[in-house]
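Below is one structure; the comments refer to it alone.
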Amino acid sequence: MSSRRSSRSRQSGTSRNISDEQITDLVSKLQQLLPEIRNRRSDKVSASKVLQETCNYIRNLHREVDDLSDRLSELLASTDMDSDQAAIIRSLLM
């Protein structure tokens with residue numbers, strides 16, 4: 001794996017090499033951030049599984065942000081812009 005990284009690094013012009021230990025550490029940190037994996041009983045999860053779950057988690061977060069944005073737009077559209085409720089929403093967004 002490190003030989004593939006080294007050749008890619010040379011091809012991209014990057015001189016910094018990331019050690020296997022650093023990759024393991026980063027994967028471990030990602031694993032701690034992911035609820036789907038963090039809540040499992042087993043400590044052994046492959047790096048590829050952690051990366052897959054990270055991608056899924058980020059996609060889900062994007063969907064949640066989009067959904068909340070849509071809900072906020074609907075709320076603002078149905079609110080009198082001079083009302084106390086609108087002022088509270090504006091203060092939260094600032």
Side-chain angles (χ1 to χ4, degrees):
M1 180 160 85
S2 62
S3 65
R4 284 187 288 175
R5 270 200 317 275
S6 297
S7 66
R8 276 191 226 129
S9 195
R10 281 190 294 266
Q11 291 170 354
S12 67
T14 306
S15 62
R16 180 174 175 188
N17 291 324
I18 299 174
S19 70
D20 288 344
E21 184 178 311
Q22 288 172 311
I23 291 174
T24 301
D25 184 51
L26 291 170
V27 168
S28 176
K29 287 177 182 178
L30 271 177
Q31 186 175 351
Q32 293 170 15
L33 294 172
L34 298 170
E36 183 69 27
I37 293 177
R38 188 179 57 222
N39 296 333
R40 289 186 185 161
R41 301 240 184 249
S42 171
D43 289 337
K44 284 288 188 184
V45 179
S46 70
S48 63
K49 182 68 174 171
V50 171
L51 293 174
Q52 281 179 322
E53 290 298 328
T54 300
C55 291
N56 291 337
Y57 187 61
I58 291 170
R59 274 190 221 99
N60 288 335
L61 289 175
H62 277 285
R63 276 194 287 268
E64 284 185 49
V65 167
D66 289 343
D67 183 47
L68 289 171
S69 179
D70 291 344
R71 290 173 52 194
L72 179 60
S73 294
E74 290 170 8
L75 180 62
L76 287 172
S78 67
T79 302
D80 176 15
M81 294 312 283
D82 296 324
S83 71
D84 291 337
Q85 186 180 21
I88 292 169
I89 292 170
R90 278 194 301 276
S91 71
L92 291 171
L93 295 174
M94 302 287 173

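On a predicted model such as this, the values are computed, not experimentally measured, just so you know.
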**OP:** List the atom of Gln22, the atom of Asn17, and the distance in Å for their closest heavy-atom pair.
**Re:** OE1-O, 4.0 Å
Original post:
How many angstroms lie between CG in Leu34 and CD in Glu53, if you round to the nearest 0.5 Å?
Top reply: 7.0 Å
**OP:** Might you point out which heavy atoms bring Val27 and Ala47 nearest each other, and give the distance in Å?
**Re:** CG1-CA, 4.0 Å
**OP:** Flag yes if Leu33 and Ile23 sit in one hydrophobic cluster, no otherwise; membership is Ile, Leu, Val, Met, Phe, Trp, Tyr, and two members link when side-chain heavy atoms are under 4.5 Å apart.
**Re:** no
Original post:
Does Leu68 share a hydrophobic cluster with Tyr57, counting links as ILVMFWY side-chain heavy atoms below 4.5 Å and allowing steps through other members?
Top reply: no
Original post:
Which distance, rounded to the nearest 0.5 Å, do you find between the CG of Leu61 and the CZ of Arg59?
Top reply: 11.5 Å
Original post:
Are Leu72 and Leu92 co-members of a hydrophobic cluster defined by side-chain heavy atoms under 4.5 Å apart?
Top reply: no
**OP:** State, with a plain yes or no, whether a side-chain heavy atom of Gln85 is found less than 4.5 Å away from one of Ile89.
**Re:** yes
Original post:
Do Leu51 and Leu30 have side-chain heavy atoms sitting under 4.5 Å apart?
Top reply: yes
Subject >> Same cluster (ILVMFWY, side-chain, under 4.5 Å), Leu26 and Ile58 >> reply: no
Subject >> Shared hydrophobic cluster, Leu75 / Val65 (ILVMFWY, side-chain heavy atoms < 4.5 Å) >> reply: no
Original post:
If you measure from CG on Asn56 to NZ on Lys49, what distance do you get to the nearest 0.5 Å?
Top reply: 7.5 Å
Original post:
Could you give the distance from OG1 (Thr24) to CD (Gln31), rounded to the nearest 0.5 Å?
Top reply: 11.0 Å
Subject >> Other residues, nucleotides, ligands: >12 heavy atoms within 6.0 Å of Asp84 CG >> reply: no
Original post:
Between Lys29 and Asp25, is there a side-chain N and carboxylate O pair less than 4.0 Å apart?
Top reply: yes
